[in-house]
Amino acid sequence: MSSESTNKLQNNFLREIIAGHVKAGTYGGRVATRFPPEPNGYPHLGHACTICLNFGLAEDFGGACNLRYDDTNPETESLEFVAAMEDAVRWLGYEPANIYFASDYFEQFYEWAVELVKKGLAYVDSQSSEEIRANRGTVTEPGVNSPYRSRPVEESLRLLDEMRRGEHPDGSHVLRAKIDMADDNMLLRDPLMYRIRRDAHHYRRGDEWNIYPLYDWAHGQGDAVENITHSVCTLEFDVHRPLYNWFLDAIGIDEPRNHQYEFARFNLDYTVMSKRKLLRLVEEGHVRGWDDPRMPTIAGQRRRGVRPEAIRSFFDRIGITRVDSSTGMAEYEHSIRDDLNHVAPRVMAVTRPLKLVIENLPEDETTWIDAHYWPHDITPPEGAPTSRRVPLTRELWIERDDFAENPPKGWKRLSPGEKVRLRHGPIVKFSSVERDEAGEAQAVHVEANPDESPGKVKGVIHWVSAEHALPAQFRLYNRLFTDPHPDEQEDFLTVLNPDSLVETEGFVEPSVAEDPSNDRYQFERLGYFWQDPVDSKPDSLVFNRIVALRGKDDHVLTAKGGYTQPVSRKGSITIEPPKEPRDPAARLSDTQRTHFDGLVGRGVGKEEAAVLSADDALRALFEFVLGGYDSPRDIATLLVHDVRRALGGHSATSSMATGNSLAEVLRMVGDGTLTRTGAGEVVRTLVEKGGDAASIVEARGLAAVRDDAALAPFVDAVITENPEEAERFRDGEERLMGFFMGQVMRRAGKGADAKAVQKLLRERLGQ
RNA sequence: UGCCCGGUCGUCUAAUGGCAGGACAGCGGCCUUUGGAGCCGUCGGUGGAGGUUCGAAUCCUCCCCGGGCAACCA
C-alpha cells in the first residue's frame with residue numbers, strides 16, 4: 001500500500017493491525033476476512049457498516065472476504081434472509097470471494113467435538129438447563145462442577161453419538177467444554193458446545209441433525225476452516241475472545257491462525273437498529289414494511305433512494321473505533337447530499353401548490369424555456385443532458401410556503417408589494433391576492449417584467465406550469481423518532497415522530513415523464529427526490545424525498561426541520577468539590593502499609609511506594625537491586641515506571657542477572673554514562689531480550705551525549721529548517737519547545753541529553 | 001458487587017512521549033438566477049486528582065463516568 005493511498009483513507013486501528021501483519025509477513029502477506037451474518041432478520045445499516053469494514057479491509061490489502069452465514073440456530077433462520085444478505089452485499093458494490101454456510105461445517109465441528117471428548121476437554125452434561133444455570137455461579141461467586149464433569153470418556157462419547165442420532169429429548173443432555181467453573185470470565189465456566197434440537201427443522205440441513213453447535217463452538221472453527229486471518233466482530237464479543245482462542249488451541253489449530261478483533265457497533269441518532277425493535281415497528285404497523293424508507297434497513301434506505309456510494313462514503317467518513325458512540329443524523333444526511341449533489345439534475349416541482357397568475361401574459365400562450373439542468377458549479381456526469389425545455393404559461397403553481405402575507409424579517413420570497421425571480425423565467429411583481437372565506441390565500445396575481453430595468457431581486461422561487469405540470473404525490477420523510485436515543489427510553493415507541501412521513505399532493509414539471517423512472521433529481525430549493533420504486537406509476541407519480549436540502553428553513557416540514565443541537569450525554573451537572581490530596585496508601589492492608597511506611601522512610605516516592613507495597617515480586621526485586629545500588633528512590637522509580645511497563649502486565653522475577661543489570665543501569669545513570677530516557681530504553685531491551693546493560697548501551701548507541709559540540713549541528717539544522725517555527729518561538733510561543741526538542745531528539749538519537757539540548761536550543765534561538 | 005472493555009470540541013474521528021488536527025453541525029462573511037453547492041473566517045475538546053519525564057491526550061496510581069459478561073441466542 002503506498003503512503004498516498006493510506007493518506008486518503010481514514011486510518012483505523014484494524015488497518016494498522018493488519019498493516020503490521022502484512023509488513024511482518026505473519027500470514028505470508030495474506031489477508032482474509034469474512035462477513036458473518038445470521039440469516040434471521042433483514043440487513044440494516046449496522047450490517048452495512050460491517051460489510052463495508054470487512055470487504056473494505058480485504059480490498060485495501062488485496063485480500064479476500066467471504067460471505068458466511070452463521071446459521072447454527074435452526075429455530076430462527078430462514079432462506080428469505082439469506083437472499084437479503086447477499087443482495088445487500090452486492091448492492092453495496094462488493095463481491096464475496098466465496099459464499100459459505102456454517103451449517104456446511106457441521107460434520108467437521110462434530111469430528112472436532114469427538115476429539116475434544118477423547119482428550120478429556122469436553123463432556124456430556126446431563127443436568128437440566130436450570131441446574132446448569134444455577135451451578136454456573138454469579139459474577140461474584142464461582143460456579144460448582146457438574147456431577148457429570150468426570151463422567152468416563154466412553155460414556156460421553158456414547159451419549160454424544162446418541163444425542164446426534166436423536167435418541168434423547170431436547171434439554172436432556174448438552175456437550176460442554178471442560179475449562180474452569182471458577183474462572184472470572186463466566187464464558188469459560190464450562191461453556192456449552194452442543195444442544196439437542198430434535199424437532200427443529202434447519203432451513204438447509206433439514207432434519208439431518210438433532211444437535212446444533214452454539215456460537216462459540218462454531219464461529220472460530222468456521223474461521224479456521226476458511227483460513228480467515230482477521231475475524232472482526234462487535235465489542236460485546238470481546239469477552240468471548242479467550243474462549244475463541246481456547247477452542248482453537250483445543251482442536252490443535254496452530255499459528256499463524258485466525259484471530260478475533262472487536263470494534264464498536266454502529267449506532268445512528270434518531271433511529272433504532274435492533275432486530276427486535278425493527279420487527280415491532282413493522283408488525284405493529286408504525287411503518288409500512290421492512291422497506292419503508294423511514295427504516296434503517298438496507299431495503300428501506302434503498303427504496304428511499306439513497307445510493308450505495310453515499311453509504312460507503314459515510315462509513316469511510318465516520319471511521320472505526322472501540323468506543324461506543326452514536327453518529328449524528330446530520331453526518332449521514334451530509335453523505336447522501338454530497339453524493340447526490342454531483343449526479344442529480346435540477347428540476348422543478350411544487351409540493352404544496354398555490355396558484356400564481358401572471359396578469360400580463362395571454363391566456364393561451366406557452367413559452368418554452370431552455371432551462372439548464374446543472375448549476376454553474378457542478379460538472380454534469382459524462383453524457384448527461386445539460387438542459388430541458390420548461391413551459392411558461394399565464395397560470396403557474398408555486399410553493400405555498402414561498403408566499404407570505406406578513407413576511408418575517410429577512411424574507412426573500414414573494415410577499416405583498418415585492419418582486420421575486422421565477423427560476424429560469426422572468427421577474428414578477430406582486431399585484432394582488434385572492435382569498436377564500438377563511439382568509440387563506442387562493443391565488444396570487446403578479447405582473448411579469450414590471451420595470452424596464454429590473455436589476456437584482458432578493459429571491460428566486462420555483463414553479464411549474466399549471467397547464468403542463470404532472471400531478472404527483474410527494475412523500476416527505478423525516479426522522480422516525482423525536483429523541484436522538486430511542487433505546488434509552490423505557491419504551492422506544494413513546495418517542496416515535498408523528499410527522500416521520502408527510503404526504504402531499506402537488507405537481508412536477510413535464511420533462512420528468514421522458515426520463516427513466518429511476519432517475520434521481522434535485523427538486524430545486526426542496527431536496528433530492530426519486531420515484532418510489534414500488535408505488536410510482538406513469539399515470540400516478542409518487543416521489544420519495546431522499547433527503548431535504550441543507551438549510552435553516554425547510555419549506556415543507558410540518559415539524560420543524562433540521563436537528564436540534566444535541567445536549568451532551570456525558571455532561572455531568574454536579575461539580576465535584578475539590579478533594580483532599582489522595583493518600584496513595586489508602587487501600588493498602590496492614591502488612592502492606594508497614595512496607596509502605598518503610599519504603600517512604602527510605603526516601604521512596606509515595607506513589608511508587610504504594611505500588612511496591614502491593615506487589616511482592618516487584619518488592620523482592622527492589623530489595624535485590626538495592627544490593628548493587630544504594631538509592632532506594634531511584635530504584636523504585638525505575639522499577640515502577642520503566643521495568644513494570646516493559647513487563648507489560650507480567651509479574652516481575654528477581655533473578656540474579658536482572659537485578660545486577662538493573663543496578664548497573666542505575667549506576668550508569670548516576671555517573672552520567674546514560675540519560676534517564678536512555679535508561680528506559682535499556683530496561684525495555686533488558687526485559688524483552690535479556691543481556692547485560694553495558695552491551696545494550698554499546699549495541700544501541702545509547703551512551704549519553706551532552707557535549708555541545710556534538711549536539712550543536714543537530715540543533716542548528718533544525719532551527720535552519722524551521723525558520724517559521726523559530727520566529728514564532730522567539731515571539732513567545734513557548735509550547736514550540738516541544739516541537740524543537742522532538743525534532744532534535746529524533747535526529748540526535750536516544751542518547752542525547754535532553755537538558756543539554758534544551759539549553760542549547762534556548763541559546764541558539766536567542767532566548 | 002467481581003472480571004473485562006472504553007472515556008479527545010455539541011457529534012464522529014486523528015495525534016503511537018514532541019505545535020491537540022480534520023470532518024459534520026453552529027455562527028459570520030464572500031459568491032450565487034437554488035435560503036443549495038463552493039470558498040474564507042470563527043466558535044469549540046484531552047473526565048478528575050496525584051506521580052514519572054526536559055516534555056504526557058499518550059506511561060504509572062487512585063477516583064469518577066459509560067458499556068459488556070450470570071440464553072441450551074448470535
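What you see is a predicted model; the values in this text were computed from it and never measured. We use all heavy atoms of the structure for the numbers below, so side chains are in, but hydrogens, waters and symmetry mates are not. The chains referred to below are lettered A, B, ... by the order of the sequence lines, with proteins before strands, and numbering in each begins at 1.
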Participant: Need one value for A:P584: base, sugar-phosphate or nothing, where a base atom within 4.0 Å counts as base even if backbone is also close, heavy atoms only.
Facilitator: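 Answer is nothing: A:P584 stays at 4.0 Å or more from every strand.
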
Participant: A:L761 CG to B:G55 P: how many Å, rounded?
Facilitator: 15 Å

Participant: Would you mind classifying the nucleic acid contact of A:H240 as base, sugar-phosphate or nothing, using non-hydrogen atoms under 4.0 angstrom?
Facilitator: base

Participant: For A:F266 and A:F314, I'd like to know if the aromatic rings sit close, meaning centre-to-centre distance below 6.0 Å.
Facilitator: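 Yes, they do, as the ring centres are separated by less than 6.0 Å.
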
Participant: What's the gap between B:G41 and B:G22 when it is taken at their P atoms, as a whole Å value?
Facilitator: 10 Å

Participant: Does atom NZ (A:K759) have a neighbourhood of more than 12 heavy atoms from anything else shown, all under 6.0 Å?
Facilitator: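 No, not enclosed.
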
Participant: Is it true that the side chains of A:Q260 and A:H219 contain a donor and an acceptor less than 3.5 Å apart?
Facilitator: no

Participant: Does the base of B:U34 carry an N or O that pairs as donor and acceptor with the side chain of A:R525 under 3.5 Å?
Facilitator: no

Participant: Using a heavy-atom cut-off of under 4.0 Å over every strand shown, decide if A:K412 touches base, sugar-phosphate, or nothing.
Facilitator: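 Touches a base.
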
Participant: When you measure from the side-chain N and O atoms of A:R644 to the phosphate of B:U61, is any distance below 4.0 Å, counting only OP1 and OP2?
Facilitator: yes

Participant: Measuring to OP1 and OP2 of B:U11, would you say a side-chain N or O of A:T327 lies under 4.0 angstrom away?
Facilitator: no

Participant: At under 4.0 Å between heavy atoms, what does A:F237 touch on the DNA or RNA strands: base, sugar-phosphate, or nothing?
Facilitator: base

Participant: Less than 6.0 Å separating the ring centroids of A:F237 and A:Y215?
Facilitator: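 Ring centres of A:Y215 and A:F237 closer than 6.0 Å.
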
Participant: If I pick the P atom on B:C9 and the same atom on B:G48, what distance separates them, to the nearest angstrom?
Facilitator: 10 Å

Participant: Tell me whether the OP1 or OP2 atom of B:A71 has a side-chain N or O from A:R133 closer than 4.0 Å.
Facilitator: yes

Participant: According to the interplanar angle, ranging from 0 to 90°, do the rings of A:H424 and A:H372 count as parallel (below 30°), tilted (30 to 60°) or perpendicular (above 60°)?
Facilitator: perpendicular

Participant: Using the purine O4'-C1'-N9-C4 or pyrimidine O4'-C1'-N1-C2 torsion, is B:A37 syn (within 90° of 0) or anti?
Facilitator: anti

Participant: Restricting both atoms to N or O, compile the protein contacts to nucleotides 51-53 of chain B shorter than 3.5 Å, with distance only.
Facilitator:
| unit_1 | atom_1 | unit_2 | atom_2 | d |
| --- | --- | --- | --- | --- |
| B:G51 | O2' | A:E608 | OE2 | 3.0 |
| B:U52 | O4' | A:H641 | NE2 | 3.3 |

Participant: Is any side-chain nitrogen or oxygen of A:S325 closer than 4.0 Å to OP1 or OP2 of B:U13?
Facilitator: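 Looking at the OP1 and OP2 atoms of B:U13, one of them is under 4.0 Å from a side-chain N or O of A:S325.
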
Participant: Identify all stems in which RNA chain B takes part, counting only runs of at least 3 consecutive pairs (Watson-Crick or G-U wobble, each distance under 3.5 Å), and give each as one range with another, ordered by first number.
Facilitator: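 Paired runs of 3+ in RNA chain B: B:2-7 with B:64-69, B:10-13 with B:21-24, B:26-30 with B:38-42, B:47-51 with B:59-63.
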
Participant: NA contact type, A:E131, heavy-atom cut-off 4.0 Å: base, sugar-phosphate, or nothing?
Facilitator: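 Result for A:E131 = nothing.
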
Participant: May I ask you to evaluate whether A:R198 reaches the phosphate of B:C72, defined as a side-chain N or O under 4.0 Å from OP1 or OP2?
Facilitator: no

Participant: Once you round it to whole Å, what is the distance between C1' of B:G68 and CG of A:D487?
Facilitator: 15 Å

Participant: To the nearest angstrom, how far is A:D377 atom CG from B:C39 atom P?
Facilitator: 10 Å

Participant: Can you tell me how far C1' of B:U61 sits from CG of A:D615, to the nearest Å?
Facilitator: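 Answer to the nearest Å: 13 Å.
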
Participant: Which value, in whole Å, describes the distance between the P atoms of nucleotides B:U58 and B:C19?
Facilitator: 14 Å

Participant: Which whole-number value in Å describes the distance from A:L14 CG to B:A14 P?
Facilitator: 11 Å

Participant: Classify the nucleic acid contact of A:N185 as base, sugar-phosphate or nothing, counting any heavy atom under 4.0 Å across all strands shown.
Facilitator: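 Counting heavy atoms under 4.0 Å across all strands, no contact is made by A:N185.
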
Participant: Under 4.0 Å, heavy atoms only, any strand: does A:G171 hit a base, just the sugar-phosphate, or nothing?
Facilitator: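 The residue A:G171 makes base contact.
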
Participant: Indicate, with a heavy-atom threshold strictly under 4.0 Å, whether A:H342 touches base, sugar-phosphate, or nothing.
Facilitator: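 Since no nucleic acid heavy atom lies under 4.0 Å of A:H342, the category is nothing.
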
Participant: Is there a side-chain polar atom (N or O) of A:R337 under 4.0 Å from OP1 or OP2 of B:G38?
Facilitator: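 Checking A:R337 against B:G38: no side-chain N or O falls below 4.0 Å of OP1 or OP2.
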
Participant: Just checking, is any N or O donor in the side chain of A:E399 or A:T351 under 3.5 Å from an acceptor N or O on the other one?
Facilitator: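 Distance-only check passes for A:E399 and A:T351.
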
Participant: Is there a donor-acceptor contact under 3.5 Å linking the side chains of A:R479 and A:T271?
Facilitator: no

Participant: If you look at every strand shown and take non-hydrogen atoms under 4.0 Å, does A:T321 touch a base, only sugar-phosphate, or nothing?
Facilitator: sugar-phosphate

Participant: Just call it for A:T72: base, sugar-phosphate, or nothing, with non-hydrogen atoms closer than 4.0 Å on any strand.
Facilitator: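 Counting heavy atoms under 4.0 Å across all strands, the contact made by A:T72 is with sugar-phosphate only.
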
Participant: Rounded to whole Å, how long is the line connecting atom CG of A:L736 with atom C1' of B:A20?
Facilitator: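 Atom CG in A:L736 sits about 13 Å away from atom C1' in B:A20.
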
Participant: Does A:R735 come within less than 4.0 Å of A:E733, counting only side-chain N to carboxylate O?
Facilitator: yes

Participant: Are any of A:R322's side-chain N or O atoms less than 4.0 Å away from OP1 or OP2 of B:G6?
Facilitator: yes

Participant: For A:Y521 and A:F529, I'd like to know if the aromatic rings sit close, meaning centre-to-centre distance below 6.0 Å.
Facilitator: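 No; A:F529 has its ring centre 6.0 Å or more from that of A:Y521.
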
Participant: What does A:G410 touch in the nucleic acid at a heavy-atom separation under 4.0 angstrom: a base, only the sugar-phosphate, or nothing?
Facilitator: base

Participant: So what does A:E75 hit on the nucleic acid, given a heavy-atom distance under 4.0 Å: a base, only sugar-phosphate, or nothing?
Facilitator: nothing

Participant: Measuring to OP1 and OP2 of B:G17, would you say a side-chain N or O of A:R746 lies under 4.0 angstrom away?
Facilitator: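 Answer is no, no contact under 4.0 Å.
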
Participant: Heavy atoms from C-beta onward define the side chain here; which of B:U8, B:C54, B:A37 lies closest to that of A:H376?
Facilitator: B:A37

Participant: In terms of side-chain heavy atoms, does A:T637 have a donor or acceptor partner in A:E608 at a distance below 3.5 Å?
Facilitator: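 No donor-acceptor contact under 3.5 Å links the two side chains.
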
Participant: Any ion pair linking A:R317 and A:D338 (charged N to carboxylate O, less than 4.0 Å)?
Facilitator: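 A salt bridge links A:D338 with A:R317.
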
Participant: Quick one, A:Y332 with A:I318, criterion side chain to side chain contact (heavy atoms under 4.5 Å, CB included). Give me CA distance, side-chain angles, the key distance, then yes/no.
Facilitator: CA-CA 9 Å; A:Y332 184 53; A:I318 64 172; over 6 Å; no

Participant: Does B:C72 have its OP1 or OP2 closer than 4.0 Å to a side-chain nitrogen or oxygen of A:R136?
Facilitator: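 Yes, because at least one side-chain N or O of A:R136 sits under 4.0 Å from OP1 or OP2 of B:C72.
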
Participant: May I have the distance from A:F739 (atom CZ) to B:A15 (atom C1'), rounded to whole angstrom?
Facilitator: 15 Å

Participant: Would you tell me if any nitrogen or oxygen in the side chain of A:R550 comes within less than 4.0 Å of OP1 or OP2 on B:A37?
Facilitator: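 Yes, because at least one side-chain N or O of A:R550 sits under 4.0 Å from OP1 or OP2 of B:A37.
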
Participant: Checking all strands, does A:I318 fall into the base, sugar-phosphate, or nothing category for heavy-atom contacts under 4.0 angstrom?
Facilitator: sugar-phosphate

Participant: What's A:R423 touching, base or sugar-phosphate or nothing? Going by heavy atoms closer than 4.0 Å.
Facilitator: base

Participant: Does atom CD (A:E724) have a neighbourhood of more than 12 heavy atoms from anything else shown, all under 6.0 Å?
Facilitator: no

Participant: CZ of A:R317 versus P of B:U11: gap in Å, rounded?
Facilitator: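 Going from A:R317 (CZ) to B:U11 (P), I get 18 Å.
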
